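Labels below follow one simple rule: chain letters A, B, ... track the order of the sequence lines, proteins then strands, and each chain is numbered from 1. Since the structure is predicted, the reported quantities are computational estimates derived from the model, not experimental observations.
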2 protein chains.
Amino acid sequence: MAIPTKKPDKKRRISESTIHRLSLYYRALTLLEKENYETVSSKELARREKLTPAQVRKDLSFFGSFGTRGLGYPVNELKNKIASILGIDRTWRVALVGVGNIGSALVSYKEFMKQGFQIVKLFDNDQRKIGSNHKGIIVSDINNLEKELKEAGIELVILAVPATVAQYIVDNVVKAGVKAILNFAPVNLRVPDDVYLRNENMSMELEYLSFALVNNLSQKRVNEG
Amino acid sequence: MAIPTKKPDKKRRISESTIHRLSLYYRALTLLEKENYETVSSKELARREKLTPAQVRKDLSFFGSFGTRGLGYPVNELKNKIASILGIDRTWRVALVGVGNIGSALVSYKEFMKQGFQIVKLFDNDQRKIGSNHKGIIVSDINNLEKELKEAGIELVILAVPATVAQYIVDNVVKAGVKAILNFAPVNLRVPDDVYLRNENMSMELEYLSFALVNNLSQKRVNEG
DNA sequence: AATGCCATGTGAAATGGTTCACAAAACAGT
DNA sequence: ACTGTTTTGTGAACCATTTCACATGGCATT
């Protein structure tokens with residue numbers, strides 16, 4: 001019997017930071033599970049991801065109450081619950097556009113697969129790449145993007161193309177009805193309000209380190225982005 | 001004659017978000033420069049990076065006053081000023097550890113070079129990779145890590161190794177006196193207080209998208225992480 | 001059944017970040 | 001020189017997030 005832990009509160013808006021920390025908790029719990037822990041306290045979870053126990057409890061409390069006072073949280077149960085909240089208790093059909101440096105690396109990136117993100121289509125505009133095989137996937141012609149995204153039932157697109165063509169491709173991805181895009185190009189893309197766009201800017205963290213070095217920061221906070 | 005725009009205020013702590021936005025401003029200014037703009041308003045800068053004009057002005061005001069009332073900011077001058085704040089008005093000697101999927105991609109990643117991050121050393125533990133040439137750099141044996149990092153005067157290390165060995169390598173990187181590390185492994189690493197560590201977790205943004213899709217978020221904020 | 005202990009869940013307080021709103025400054029046109 | 005227009009720079013107000021602190025609930029032991 002499933003006991004509803006908390007009535008869903010439509011009013012409360014969950015912050016981006018909280019969601020990012022859920023990813024960290026999920027990672028920590030996966031490890032704890034491997035280490036055969038049955039339960040874990042907010043204190044231990046916090047220690048493992050350099051957070052505070054109060055933060056852990058507050059984050060989880062937005063979604064229900066999963067712990068037992070005096071005992072802590074059941075590792076496996078909490079892990080599953082977080083997976084369900086994040087929507088990674090299923091598989092997502094992902095297409096990757098741009099089989100260059102970054103793109104090729106991402107096809108083989110095992111973390112994606114582990115979390116249910118299955119790359120099932122590849123696209124490029126380079127005739128030498130089109131038709132070639134990457135990890136069992138044949139690279140499609142970018143000109144068939146819209147059609148093939150629809151046919152393959154793609155729900156999520158990863159963009160690893162040069163900044164100059166990114167907007168053009170995004171427009172076509174949107175036309176194909178895809179509602180979630182992860183962009184690696186260092187450019188700010190325009191999408192309609194009903195499409196989720198996130199950017200992964202790998203230079204940004206290097207720049208932060210550079211800033212920290214030249215300014216001799218004492219704060220030193222670990223970013224988990 | 002250099003006119004000090006503002007007395008350095010040791011009290012004020014600059015937030016991480018502000019620094020990340022400086023990266024965005026820098027990127028926008030680089031483009032504006034190419035488009036031959038001489039000046040730019042906070043309004044236009046904000047529009048280009050999906051921020052508010054007040055935010056742009058506030059961010060910049062932490063570091064001085066660079067604009068002219070009624071006119072806006074001088075594009076080239078502001079760009080240089082931000083580069084100086086971020087510490088990317090120079091080159092950094094970078095080593096990359098782990099020449100696998102991600103590592104190989106990063107060696108060829110042009111954005112790093114553009115911002116002054118020069119990858120000058122590569123390390124791996126795989127005998128088949130040691131000695132091989134990637135973009136003109138010979139891959140060194142991970143066993144010589146500490147010694148070669150020192151010899152090469154490395155200031156910053158990028159870690160692209162499996163999570164299981166990341167801590168061991170970080171310990172050696174720290175021993176070599178490196179004070180800034182960018183970690184791609186999905187694991188929380190321990191470093192001394194005087195070492196800056198940042199994590200690049202590529203699954204995190206995908207998980208955020210997944211969360212957004214299953215929860216039908218209306219907020220939809222672009223993350224520039 | 002009662003006691004002691006431990007760790008959650010959560011309002012309230014504190015802190016931190018963003019937006020507002022306007023005075024001040026600079027330029028253009030007359 | 002004056003007027004109008006524009007846009008900066010910045011305290012103050014507002015809003016969001018984090019931390020605090022403690023009542024509550026559950027387990028274990030006797």
Side-chain angles (χ1 to χ4, degrees), chain A residues 3-7 9 11-22 24-25 32 37-75 77-78 81-82 219 221-225, chain B residues 3-7 9 11-22 24-25 32 37-75 77-78 81 217 219 221-225:
Chain A
I3 299 149
T5 45
K6 177 174 271 190
K7 50 188 174 307
D9 184 346
K11 293 287 160 51
R12 223 190 297 262
R13 173 142 286 131
I14 308 296
S15 79
E16 178 173 319
S17 326
T18 293
I19 301 308
H20 280 334
R21 282 191 299 268
L22 287 190
L24 299 182
Y25 303 148
L32 283 159
Y37 283 80
E38 301 247 310
T39 59
V40 63
S41 65
S42 58
K43 195 177 162 195
E44 170 66 7
L45 213 37
R47 191 190 61 73
R48 291 192 173 221
E49 294 297 338
K50 288 211 197 88
L51 302 165
T52 67
Q55 177 100 80
V56 172
R57 295 200 300 275
K58 180 64 87 176
D59 282 340
L60 296 176
S61 80
F62 291 138
F63 302 97
S65 56
F66 311 118
T68 305
R69 290 163 197 238
L71 245 192
Y73 301 91
V75 170
E77 225 173 276
L78 183 59
K81 188 71 200 176
I82 290 177
Q219 49 168 13
R221 259 245 225 78
V222 176
N223 161 290
E224 299 283 350
Chain B
I3 300 152
T5 43
K6 177 174 271 192
K7 49 187 176 308
D9 183 347
K11 294 286 162 52
R12 221 190 299 262
R13 173 140 286 133
I14 306 296
S15 79
E16 179 174 317
S17 326
T18 293
I19 301 308
H20 280 335
R21 283 191 298 268
L22 287 189
L24 299 183
Y25 303 148
L32 283 160
Y37 283 80
E38 301 247 310
T39 61
V40 63
S41 66
S42 59
K43 196 177 162 196
E44 170 66 7
L45 214 36
R47 190 189 62 74
R48 291 192 173 220
E49 294 296 340
K50 288 212 198 87
L51 301 165
T52 66
Q55 178 98 80
V56 173
R57 295 200 299 277
K58 178 65 85 177
D59 282 339
L60 295 176
S61 80
F62 291 137
F63 302 97
S65 55
F66 312 119
T68 305
R69 288 165 198 237
L71 245 192
Y73 300 90
V75 170
E77 225 173 274
L78 182 59
K81 188 71 201 176
L217 288 202
Q219 50 169 11
R221 260 244 225 81
V222 176
N223 161 289
E224 299 284 348

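- OP1 or OP2 of D/dT8 has not a single side-chain nitrogen or oxygen of B/S65 nearer than 4.0 Å.
- Atom C1' of nucleotide D/dT10 and atom CG of B/L60 are separated by 13 Å, given to the nearest angstrom.
- Closest non-hydrogen pair, A/A46 versus A/T52, comes out as CB-C, 3.5 Å.
- Nucleic acid contact for B/T18: none, since no nucleic acid atom lies under 4.0 Å from a heavy atom of the residue.
- Between the CD1 atom of A/I19 and the C1' atom of D/dT18 there is a distance of 16 Å, given to the nearest Å.
- Contact check, B/Y73 against D/dT6: no side-chain N or O comes under 4.0 Å of OP1 or OP2.
- The shortest side-chain heavy-atom distance between A/V56 and A/P53 does not fall under the 4.5 Å cut-off.
- Direction change of the helix axis from one end of the helix from C/dA1-D/dT30 to C/dT30-D/dA1 to the other is 10°, with five pairs defining each end axis (rounded to 10°).
- Between A/Q55 and D/dT19, a side-chain N or O to OP1/OP2 separation shorter than 4.0 Å is present.
- Not counting sequence neighbours, A/Y73 has no partner by the side chain to side chain donor-acceptor pair (under 3.5 Å) test.
- Of the candidate nucleotides C/dT8, C/dT19, D/dT7, D/dT7 has the atom nearest to the side chain of B/S41.
- With D/dT10, D/dC20, C/dT19 as the choices, the nucleotide that has an atom nearest any side-chain atom of A/A54 turns out to be D/dC20.
- The side chain of B/R57 has D/dT8 as its nearest neighbour among C/dT10, D/dT8, C/dT8.
- Nucleotide C/dA7 holds its C1' atom 17 Å from the CZ atom of A/R47, rounded to whole Å.
- Considering CZ of A/R47 and OG of A/S42, their distance stands at 12.5 Å, rounded to 0.5 Å.
- Listed by first then second residue, pairs satisfying salt bridge (Lys or Arg N to Asp or Glu O under 4.0 Å) with a partner in residues 63-73 of chain A number zero, not counting sequence neighbours.
- For the pair A/K81 NZ and C/dG9 P, the interatomic distance rounds to 13 Å; values are reported in whole Å.
- Of the side-chain N and O atoms in B/S42, none sit less than 4.0 angstrom from OP1 or OP2 of D/dT7.
- With sequence neighbours left out, A/R48 forms a side chain to side chain donor-acceptor pair (under 3.5 Å) with A/E35, A/E44.
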Original post:
side-chain contact (heavy atoms from CB on, under 4.5 Å) between B/I14 and B/F63: does it pass, once the steps are laid out?
Top reply: CA-CA 9 Å; B/I14 306 296; B/F63 302 97; 3.7 Å; yes
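- Going from atom CD of B/E16 over to atom CZ of B/R21 covers 10.5 Å, rounded to the nearest 0.5 Å.
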Between N or O atoms, less than 3.5 Å apart, protein on one side and nucleotides 3-5 of chain C on the other: list the pairs.
none

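- When the P atom of C/dC20 is taken as reference, atom NZ of B/K58 falls 13 Å away, rounded to whole Å.
- For the pair B/H20 NE2 and C/dT18 P, the computed distance is 12 Å after rounding to whole Å.
- Taking atom CZ of residue B/F62 and atom C1' of nucleotide C/dT18, one finds them 9 Å apart after rounding to whole Å.
- Atom NZ of A/K50 sits about 11.0 Å away from atom CG of A/L24, to the nearest 0.5 Å.
- Heavy-atom distances to DNA chain D give each of B/G67 and A/D59 a nearest nucleotide, and the one nearer the 5′ end belongs to B/G67.
- Going from atom CD of B/E44 over to atom P of D/dT8 covers 11 Å, rounded to whole Å.
- Just one of B/V75, B/D59, B/L78 meets the side-chain contact (heavy atoms from CB on, under 4.5 Å) condition when paired with B/L45; it is B/L78.
- Residues A/F62 and A/I19 have side chains not in contact (no heavy-atom distance under 4.5 Å, counting atoms from C-beta outward).
- Counting heavy atoms from C-beta outward, B/L22 and B/Y25 have side chains that approach closer than 4.5 Å.
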Listing time: all N or O pairs from protein to nucleotides 26-30 of chain C that are below 3.5 Å?
none

